[in-house]
Amino acid sequence: MKKIIPILFTVLLIVGCKDSDDATGPTGDPRSLVNTGWELFEVGEYTEALSNFSLASSIDPGYTDATIGLGWANMRVTPPRLTDAINAFESVLRVSANSNDAQAGKAFALRGNAQYSEAEAAATVLLSRSTIWEFSHDESVNRQDLLVLRAACRFLIGNYATALTALQEVEPTFSVDVSTIEGRTQLGIRIEEWTRR
């Protein structure tokens, strides 16, 4: 029995030390995780990208690019996690108000969440400060999409004349009489066509 007690004490000490190592939290290089996350995002592996961004963010909560990745990946997973995306973008914008990718992401996430006035305002902020914005991790998403988003949001809240003006920034030759039901219908159809491009 006297020989067993020191052995048990040693085993408990080792187990105790191992548990305290686990308590330090996740480990890894956040930059490497985020780079891999964006590579996965760019090929459409949004769930895997989200895992990388989440891990990077848990290792370094202040790493802005990880949080931006969280926002965009949350928008692209199925089903989209729009509230999580909005929260991620807003947390970035609190510390980096000029982050164009976070500002655009916020606009798209708010639009998807049917917060049309807020989405229109978020898009307007970026459109006012950048004439050439393009999402660096998906070149098919650019300033034109924000203009169409703004037109759609204005239309959905019943501001038909300003919706037409916004759409004309994309398609200057398009014109309808928004004082008529037929004109508003044509405007809605045209905005939807642009949205699907």
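Note that the structure is a prediction, hence the values are computed from the model and not measured.
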May I ask you to establish whether Arg111 and Tyr116 are in a cation-pi arrangement, using a distance under 6.0 Å from NZ or CZ to the six-membered ring centre and at most 45° from the ring axis?
no
According to a hydrophobic-cluster definition based on side-chain heavy atoms being under 4.5 Å apart (Ile, Leu, Val, Met, Phe, Trp, Tyr only), do Leu33 and Val77 belong together?
no
Does the side-chain contact (heavy atoms from CB on, under 4.5 Å) test come out yes or no for Asn52 and Val34, once each step is laid out?
CA-CA 6 Å; Asn52 274 56; Val34 167; over 6 Å; no
Run the side-chain contact (heavy atoms from CB on, under 4.5 Å) check on Val92 and Gln103 step by step: do they pass?
CA-CA 9 Å; Val92 170; Gln103 188 68 44; over 6 Å; no
Using a 3.5 Å distance criterion without hydrogens, assess whether the side chain of Thr185 forms a donor-acceptor pair with backbone atoms of Ile181.
yes
Verify same cluster id: Ile191, Phe174 (apolar side-chain graph, 4.5 Å)
yes
Look at the side-chain heavy atoms of Ile, Leu, Val, Met, Phe, Trp and Tyr, link any pair under 4.5 Å apart, and say whether Trp133 and Leu127 land in one connected group.
yes
Less than 6.0 angstrom separating the ring centers of Trp72 and Phe135, yes or no?
yes
Give a yes-or-no answer on whether the side chains of Thr124 and Glu120 include a donor-acceptor pair shorter than 3.5 Å.
yes
To the closest 0.5 Å, what do you measure between CE (Met75) and CD1 (Ile86)?
9.5 Å
CG of Asp138 to CG of Asp145, rounded to nearest 0.5 Å, is 9.0 Å
Is the gap between the ring centers of Phe53 and Trp38 under 6.0 Å?
yes
Any donor and acceptor pair, going by atom type alone, linking the side chain of Thr180 with main-chain N or O of Asp177 inside 3.5 Å?
yes
Rounded to the nearest 0.5 angstrom, the CG-CG distance for Leu146 and Leu126 is 5.5 Å
Ser32 side-chain N/O to Gly28 backbone N/O, donor-acceptor pair under 3.5 Å
no
I'd like to know if the side chain of Ser99 reaches the main chain of Ser96, judged simply by a donor and an acceptor atom lying under 3.5 Å from each other, with no hydrogens or angles considered.
no
Could you check whether Glu193 pairs with Arg197 (Lys NZ or Arg NE/NH1/NH2 to Asp/Glu carboxylate O, under 4.0 Å)?
no
So, does Arg184 use its side chain to make a donor-acceptor pair with the main chain of Val178 at under 3.5 Å?
yes
Specify the closest pair of heavy atoms between Leu149 and Ala107, including all atoms of both residues, with the distance to one decimal.
CD1-O, 3.7 Å
Taking every non-hydrogen atom, the tightest pair across Phe89 and Ile68:
CE2-O, 3.8 Å
Between Asn113 and Gln115, a side-chain donor and acceptor under 3.5 Å
yes
Any salt bridge linking Asp101 with Lys106? Criterion: basic side-chain nitrogen under 4.0 Å from a carboxylate oxygen.
no
Where Ala56 and Pro30 come nearest, the two heavy atoms and their spacing:
CB-O, 3.7 Å
Does Arg190 pair with Glu171 as a salt bridge, N-O distance under 4.0 Å?
yes
At what distance, to the nearest 0.5 angstrom, does CZ of Phe155 lie from CD of Glu192?
10.0 Å
Checking the side chain of Thr162 only, and the main-chain atoms of Asn159 only, is there a donor and an acceptor separated by less than 3.5 Å?
yes
Hydrogens and angles aside, do Arg31 and Tyr63 bring a side-chain donor and acceptor to less than 3.5 Å of each other?
yes
Measure across Leu110 and Ala122 and return the closest heavy-atom pair with its distance rounded to 0.1 Å.
CD1-CB, 4.2 Å
Mind checking the CZ-CG spacing from Arg154 to Leu156? Nearest 0.5 Å is all I need.
12.5 Å
